[in-house]
Asker: 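Let me give you the structure first, and then I'll get to my questions.
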Amino acid sequence: MQRKLNMQRELLSKIALAHPEIGLILGEISDPDTVLESLKKANPDKKVSKKNLEAIRQLKINKYQYNGLIKKAPYNWIAKIAGFQSI
């Protein structure tokens with residue numbers, strides 16, 4: 001579970017470093033859909049690059065897998081004890 005959270009933070013930090021104009025805070029986890037919307041708003045005349053779209057796709061997949069993992073037994077007990085919450 002911690003590995004999934006770290007991967008989420010890493011992908012978001014890569015996007016934040018490549019596009020400082022969208023205002024992502026390093027180390028913070030945010031919704032992939034809002035990241036995509038802020039990328040589109042930051043550069044309305046340009047399309048979002050394939051590299052950024054792939055990173056956002058990975059964010060969505062990772063979020064789905066993490067939230068599914070937390071719902072399964074025995075991981076739901078571990079998540080409750082360790083304080084993990086859904087993304």
Side-chain angles (χ1 to χ4, degrees):
M1 285 185 274
Q2 187 65 41
R3 187 176 61 162
K4 294 273 186 197
L5 282 175
N6 289 340
M7 183 177 177
Q8 196 81 358
R9 286 188 180 105
E10 181 182 323
L11 288 169
L12 281 169
S13 65
K14 284 182 183 180
I15 293 173
L17 290 174
H19 298 282
E21 67 273 4
I22 60 175
L24 286 176
I25 299 171
L26 294 178
E28 182 179 291
I29 295 179
S30 57
D31 187 41
D33 293 325
T34 57
V35 172
L36 181 61
E37 288 299 318
S38 57
L39 276 173
K40 287 180 180 179
K41 286 180 183 177
N43 298 319
D45 54 338
K46 296 180 183 178
K47 289 187 176 182
V48 179
S49 69
K50 288 185 179 183
K51 182 179 174 183
N52 289 329
L53 287 176
E54 182 62 32
I56 291 172
R57 188 174 298 120
Q58 286 295 324
L59 282 171
K60 288 181 180 182
I61 291 170
N62 192 42
K63 178 182 174 182
Y64 176 76
Q65 290 173 346
Y66 175 80
N67 289 338
L69 186 65
I70 283 183
K71 292 177 185 175
K72 285 184 180 179
Y75 298 107
N76 58 358
W77 303 327
I78 295 168
K80 187 176 273 188
I81 292 169
F84 288 104
Q85 297 178 354
S86 63
I87 299 176

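The first residue in the sequence is number 1, and the count goes up from there. Quick caveat: nothing in here was measured; it's all calculated off a predicted structure.
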Asker: Taking side chain to side chain donor-acceptor pair (under 3.5 Å) as the definition, give me every residue that meets it alongside Gln65, ordered by chain and number, with sequence neighbours left out.
Answerer: Lys4
Asker: CG/Leu12 to CZ/Arg9 distance, rounded to the nearest 0.5 angstrom?
Answerer: 9.5 Å
Asker: Scan side-chain atoms only and decide if Glu10 and Asn6 contain a donor-acceptor pair under the 3.5 Å cut-off.
Answerer: no
Asker: Under the rule for side chain to side chain donor-acceptor pair (under 3.5 Å), what residues qualify as partners of Asn62, not counting sequence neighbours?
Answerer: Gln8
Asker: Kindly write out the residues that satisfy side chain to side chain contact (heavy atoms under 4.5 Å, CB included) with Asn76, not counting sequence neighbours, or none if the list is empty.
Answerer: Ala73
Asker: What distance separates Lys63 NZ from Ile29 CD1, expressed to the nearest 0.5 Å?
Answerer: 10.5 Å
Asker: Does a sphere of radius 6.0 Å around CD in Gln85 hold more than 12 heavy atoms from other residues, nucleotides or ligands, not counting ones at 6.0 Å or beyond?
Answerer: no
Asker: Does the pair Ile22 and Lys41 meet the rule for a side-chain contact (heavy atoms from CB on, under 4.5 Å), with working shown?
Answerer: CA-CA 8 Å; Ile22 60 175; Lys41 286 180 183 177; over 6 Å; no
Asker: Among all residues two or more places apart in sequence or in another chain, which pass the side chain to side chain contact (heavy atoms under 4.5 Å, CB included) test with Lys40?
Answerer: Leu36, Val48
Asker: Could you pull out all residues at least two apart from Leu11 that satisfy side chain to side chain contact (heavy atoms under 4.5 Å, CB included)?
Answerer: Met7, Gln58, Leu59
Asker: Check whether any side-chain heavy atom of Leu5 sits under 4.5 Å from a side-chain heavy atom of Met1, and report yes or no.
Answerer: no
Asker: Taking NZ, NE, NH1 and NH2 as the nitrogens, is one of them in Arg57 or Glu54 under 4.0 Å from a carboxylate oxygen of the other?
Answerer: yes
Asker: Enter the distance from Tyr66:OH to Arg3:CZ here, rounded to the nearest 0.5 Å.
Answerer: 13.0 Å
Asker: Can you tell me how far apart CG (Leu53) and CG (Leu39) are? Round to the nearest 0.5 Å.
Answerer: 8.5 Å
Asker: Quick one, Ile56 and Ile15 - any side-chain contact, counting heavy atoms below 4.5 Å?
Answerer: yes
Asker: Can you name the side chain to side chain donor-acceptor pair (under 3.5 Å) partners of Asn43, sequence neighbours left out?
Answerer: none
Asker: If you measure from OG on Ser38 to NE2 on His19, what distance do you get to the nearest 0.5 Å?
Answerer: 9.5 Å
Asker: Does Phe84 form a side-chain contact (heavy atoms from CB on, under 4.5 Å) with Tyr75? I'd like the steps, not just the answer.
Answerer: CA-CA 10 Å; Phe84 288 104; Tyr75 298 107; over 6 Å; no
